[in-house]
Amino acid sequence: MERNIGLISLVVADYDEAIDFYVNKLGFELLEDLPQEDKRWVVVRPKGTHGASLLLAQASSSEQESRIGNQTGGRVFLFLYTDDFQRDYQNLLTHKVTIVRHPEVQPYGTVAVFKDLYGNQWDLIQPAE
């Protein structure tokens, strides 16, 4: 049996602003946006990939709202791998995405840390060859 992580749920404040950020600023594709009873099923993932996707889950309680932007207590939460670091880093700058740590070359690759629209921290990584 083959197994993989299919979806990671990301708590957001608003479906449409989250879709706008991930699709128009990070270049993800919108895979699904389906109405459900009192919410939507919204799935995005980096264009051209077939790995894990993000389920954008609008907060529906005060407890969930308290987690928006800080789902991991301030640690880097998600890791976006790239085959062209400079292209994707420049895209972040062009779209005025908040950069937390500028590019560094590490033994595992070139990495920078950025924040999504709510403050969750991401690594942008081009793995070392």
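Keep in mind that the numbers below use all heavy atoms, side chains included, and drop hydrogens, waters and symmetry copies. Values in this document were obtained by computation on a predicted structure and should not be read as measured data.
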Check whether [X] and [Y] end up in the same hydrophobic cluster, where Ile, Leu, Val, Met, Phe, Trp and Tyr are linked by side-chain heavy atoms less than 4.5 Å apart.
| X | Y | value |
| --- | --- | --- |
| Leu78 | Val12 | yes |
| Leu80 | Ile125 | no |
| Leu93 | Val100 | no |
| Leu55 | Val42 | no |

Donor-acceptor check, side chain of [X] to backbone of [Y], threshold 3.5 angstrom: yes or no?
| X | Y | value |
| --- | --- | --- |
| Glu104 | Thr110 | no |
| His102 | Ala112 | no |
| Gln64 | Ser60 | yes |
| Tyr15 | Arg40 | yes |
| Gln126 | Phe85 | yes |
| Gln36 | Trp41 | no |
| Asn91 | Lys25 | yes |

Side chain proximity check, [X] to [Y], heavy atoms < 4.5 angstrom:
| X | Y | result |
| --- | --- | --- |
| Pro127 | Tyr108 | no |
| Ser53 | Val44 | no |
| Ile99 | Val113 | no |
| Asp116 | Leu10 | yes |
| Gln121 | Phe77 | no |
| Arg87 | Thr82 | yes |
| Leu31 | Glu29 | yes |

Shortest non-hydrogen contact between Ile68 and Ala59, atoms and distance: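 Looking at all heavy atoms of both residues, the closest pair is CD1-CB, 3.8 Å.
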Pro107 to Ala128 - nearest heavy-atom pair and separation: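 Pro107 and Ala128 have their closest heavy atoms at O-CB, 3.5 Å.
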Worked check of side chain to side chain contact (heavy atoms under 4.5 Å, CB included) between Asp33 and Val43: CA-CA 7 Å; Asp33 185 355; Val43 178; over 6 Å; no
[atom1] of [X] to [atom2] of [Y]: how many Å apart, nearest 0.5 Å?
| X | Y | atom1 | atom2 | result |
| --- | --- | --- | --- | --- |
| Asp20 | Leu117 | CG | CG | 8.5 Å |
| Leu124 | Phe79 | CG | CZ | 12.0 Å |
| Asn120 | Lys115 | CG | NZ | 9.5 Å |
| Leu54 | Leu7 | CG | CG | 8.5 Å |
| Leu30 | Lys47 | CG | NZ | 10.5 Å |
| Arg45 | Ile8 | CZ | CD1 | 13.0 Å |

Working for side chain to side chain contact (heavy atoms under 4.5 Å, CB included), residues Asp88 and Leu26: CA-CA 8 Å; Asp88 292 334; Leu26 293 191; over 6 Å; no
Check against side chain to side chain contact (heavy atoms under 4.5 Å, CB included), Ile19 and Leu56: CA-CA 8 Å; Ile19 291 169; Leu56 303 178; 4.2 Å; yes
Aromatic plane relationship, Phe28 with Tyr22 - under 30° parallel, 30 to 60° tilted, over 60° perpendicular: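 Tilted, since the angle between the ring planes falls between 30° and 60°.
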Aromatic plane relationship, Phe114 with Trp122 - under 30° parallel, 30 to 60° tilted, over 60° perpendicular: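 Ring orientation of Trp122 relative to Phe114: parallel.
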Ile5 atom CD1, over 12 foreign heavy atoms within 6.0 Å: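 For Ile5, atom CD1 is not crowded (no more than 12 foreign heavy atoms under 6.0 Å).
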Glu63, CD atom: more than 12 neighbouring heavy atoms under 6.0 Å: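 Incorrect, the count does not exceed 12.
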Electrostatic pair Asp123:Arg75 at N-O distance under 4.0 angstrom: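 A salt bridge is absent here (no side-chain N lies under 4.0 Å from a carboxylate O).
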